[in-house]
Structure formats: structure tokens, C-alpha cells
Number of protein chains: 2
Amino acid sequence: MSLVRLIVLGIVALDGEAHGYAVRRKVGEWRVDSWTRVQPGSIYHALKQLARDGRLRALAAEESAEGPDRVRYRLTEVGRAEFVERLEAALGSFDIEALGVGVAFMDALPKKRVAALLDDQMQRARANVAHLRALRTETPEEGQAPHTGDLLDLWIGNLDATTRWVEGIRTRLGPA
Amino acid sequence: MSLVRLIVLGIVALDGEAHGYAVRRKVGEWRVDSWTRVQPGSIYHALKQLARDGRLRALAAEESAEGPDRVRYRLTEVGRAEFVERLEAALGSFDIEALGVGVAFMDALPKKRVAALLDDQMQRARANVAHLRALRTETPEEGQAPHTGDLLDLWIGNLDATTRWVEGIRTRLGPA
DNA sequence: GAGGTGCTAGTCAAGTTTGACTAGGAGGGC
DNA sequence: GCCCTCCTAGTCAAACTTGACTAGCACCTC
């Protein structure tokens, strides 16, 4: 899951820069833990990878009045591009966690863009639900998983609930 | 995610033994990929860890008529105990993937036990939904995540859909 | 002023996951 | 026979995640 990467990019993007502990704190303050688990280690790891990949630039370690020195990171242009790319992908995803993170950061994109992405997401989601329903009523093939029908129902139900939620968000954005 | 561990244990438990490729194939045949992604590497890794931990015993490599030699694994008593433990945990989980895997293998437990686990799951899930709804209507605190209300709605909607699904499974099992 | 507590800031080893890669064997086409 | 393809069976390095751990600093208490 490179959701962590998106989350870190998104938080750094808010102010253009941040140090690791600030990101970590923000992840804690927001109840990010409700929608996706992000451990401190993952955050620092992501920061390092992003810095290595030129998405963030590590500034010189600065002194802190309240504790050890800390490293501040600044978002680069490439970093912003990756943020947008990942954010758009998240807003088109069927994965509930990705979708949640996408919506959390959606204000970083133009409204029209978000609307288009969500329209697309909904269309594909509905097609997917239809496909799963079709599978559901098919005569069971050989060698299927036990309780395949139930499992399909689980996915259909959740996809459906998610789609209704997306619909709500989309409606609020107003007509395209 | 040690869901892979549960899946591998569950598949090996079906016949008491299996070799890696057979597990991999079964994961492919079943549309396990709909409910959870399991890569080949993870399967072989899990098999090795399970063998190291005494949950499986690796039998001598046997020749195969259709390809390279293969290693067959047999479930041990300790392994079966871990299987049951993980299965029960999965059936009490709120995580949709875990729950799906749990239901896929639920026939390995006595019906009554499954009924009790699902009853418990539903009770906790309803409490959780109530709690989230309460959070939802709370006056927003300082420093909340952007779109916190929406994110809560997403979780409430999905948890709710999942709970209705569990209810269906539970009902079918008959009265406790 | 020594020690305890709690927040700040981050490191690290162990475990897990991913996706690409290797390599054996069977069968078909030419 | 030789090559190509596809299935069988698994390995491996790189990346990612986890949870426990270290260490600086301030404040309080005794």
C-alpha cells in the first residue's frame, strides 16, 4: 500500500513543508487511524524514500526548543506532480481506504477535476456491481471457493454502500 | 496482514496436506483475488514461516510428473490450533477481508461456535456504528482532518452494510 | 539536585509483501 | 531434431510495515 506515500505527500503539501514528527502528529490528531492504520515507522520510511526519489528535499536539521533536532522536508515540483497523480488514482479507486484518503485531500484539486474523477469512479463501480451480480446468479462452476456466493454478496454490498457515499459527495460538488 | 497465514493454513487444512503450488492454484481458482490479493511470493513465504514455527511439517521433496520437484506440507496439531485461533479472530473482525476469509472457512468450526462468534461480532459492530454516529454529530473539534464528517459516513455506511451481511449469514445458521 | 514522568523526534531489526525472475517438463509445429 | 510456448514449482532482492526501542529536553517533586 503506497497509501502512506499519498498521505505523507498530502500532509506536507498542506504547508509546502513539514518535519517528520509534525506529519506523525497530524496523522494522530486527525483520526486517520479510523480509516487506515499508519505507524510512525512507515511515515519516517516514506519521508526518506520520497527524499531519495526527489519528491521532497530534506533541509538542514534544525534545532527544536522542545526536544532533539528535527529534519524539515519541503515538497518539490516533482513531488507535487506525484501527489496529484496519486490523489487522482485514489479518487478513482474502489478501495475504501484509498477513496477515503482521496476525499480527505480532494480540496487540493480543482472542483471540476474531482467531479469528473468521481463521475468516472461511479460509472466503473456500477459496472462492477453489475458484473458481480451476474457472477452471483451464474451456476456454480467446479472448484469454486466455499461460500463464493456469500463472499460476492459481501463485496456487492460494500461496493454499493461506497458508491452511494461517492454519489453524495459528488452531488454536493454541483453539476459539472 | 497475517490473513495470508490464515488462508494458507485453511487450504492446507482442507486435505491435511498440500504443496505450495497447489495452495497457489487454489487461491487462483477460487476468486480469492476478488476479496483479497495474495501474491505467490506471500504464499511460499507463509509456508516457510509456518514450517519454521512448527505449524506445518515439510515432507521430503517429491518428484512431479509435470514439472520440477515439489515440497509437500502437512498440518500439525499446533498448526490446527493456530488455524482455529485465527479463524475465530477473523469471524469476529470488522475488517471486510478478514471477515470474508473467515466465512470462506467457517465450515471448519462447529455451527454453534460460528453462530456465537457472529452474534458477538454483530453486537460489537452495532456498538461501533452507534459510536461513529455520535462522533458524526459532535461539534467539530480543533485540528480535525479535512472532511472528517464524510470519512465517518463512509465508515458508517460500510460497517452497516457489512453488519447486514453478517446478519444474513447468521440467520441462515439457525437459532443458537 | 536526583529522579521520575511525559512529550519531542527519530532509529532499527524483524517480519511481510511484491513482482520479476529461474528452471523443469510436455506438447505442438515445421 | 529444434524451437516455441505454456504449465509446473519455486526463489529472490527490493521495498514496505510493525512495534519496540533510544535519546533530547522540560517540568515537577521531594
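Remember, it's a predicted structure, so these values are computed and weren't measured experimentally. Letters A, B, ... are given to chains in the order of the sequence lines, protein chains preceding strands, and every chain is numbered from 1. Heavy atoms only: backbone and side chains are in, while hydrogens, waters and symmetry mates are out.
B:Arg37 has no side-chain polar atom (N or O) that falls below the 4.0 Å cut-off from OP1 or OP2 of C:dT18. Between A:Tyr21 and C:dT8 there is a side-chain polar atom (N or O) within less than 4.0 angstrom of OP1 or OP2.
By the salt bridge (Lys or Arg N to Asp or Glu O under 4.0 Å) test, B:Asp150 is found to be paired with A:Arg172, residues two or more places apart in sequence or in another chain being considered. In this structure A:Glu88 satisfies the salt bridge (Lys or Arg N to Asp or Glu O under 4.0 Å) test together with A:Arg113, sequence neighbours excluded. Legend: residues meeting salt bridge (Lys or Arg N to Asp or Glu O under 4.0 Å) with B:Arg57, ordered by chain and number and at least two apart, are absent. A:Glu17 meets the salt bridge (Lys or Arg N to Asp or Glu O under 4.0 Å) test with A:Arg72, A:Arg74; sequence neighbours excluded. With sequence neighbours left out, A:Arg24 forms a side-chain hydrogen bond (donor to acceptor under 3.5 Å, both in side chains) with no residue at all. The side-chain hydrogen bond (donor to acceptor under 3.5 Å, both in side chains) search around B:Arg80 returns none, not counting sequence neighbours.
Scanning both residues, A:Gly102 and A:Leu91, for their nearest heavy atoms gives C-CD2, 3.5 Å.
Defined by atom type and a distance below 3.5 Å, a donor-acceptor pair is missing between the side-chain atoms of A:Asp69 and A:Ser64. A side-chain donor-acceptor contact under 3.5 Å links B:Arg86 and B:Ser2.
Here the side chain of B:Arg25 is nearest to one of C:dA9, D:dT8, C:dT17, namely D:dT8.
Atom CG of A:Leu99 sits about 10.5 Å away from atom CG of A:Leu3, to the nearest 0.5 Å. Once rounded to the nearest 0.5 Å, the distance linking CG of B:Leu87 with CD of B:Glu82 reads 12.0 Å.
Contact check of residues 55-64 of chain B against DNA chain D (heavy atom, cut-off under 4.0 Å) returns B:Ser64. Contacts between residues 44-53 of chain A and DNA chain C, defined by a heavy-atom separation below 4.0 Å, involve A:Tyr44, A:Lys48, listed by number. In the region residues 70-86 of chain A, proximity to DNA chain C at under 4.0 angstrom, judged on heavy atoms, holds for A:Arg70, A:Val71.
Protein atom CG of A:Asp69 is 9 Å distant from nucleotide atom P of C:dG10, rounded to whole Å.
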Tabulate atom names and distances for all N/O pairs under 3.5 angstrom spanning the protein and nucleotides 19-24 of chain C.
residue : atom : partner : partner atom : Å
C:dG19  : OP2  : B:Gln39 : NE2          : 3.2

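For residues 114-127 of chain B, the set of pairs meeting the side-chain hydrogen bond (donor to acceptor under 3.5 Å, both in side chains) definition, not counting sequence neighbours, comprises B:Asp119-B:Arg170, B:Asp120-B:Arg124, B:Arg126-B:Glu167.
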Tell me which donor-acceptor pairs under 3.5 Å the side chains of residues 39-54 of chain B have, and how far apart each pair is, sequence neighbours excluded?
residue : atom : partner : partner atom : Å
B:Asp53 : OD2  : B:Arg5  : NH1          : 3.4
B:Asp53 : OD2  : B:Arg5  : NH2          : 3.0

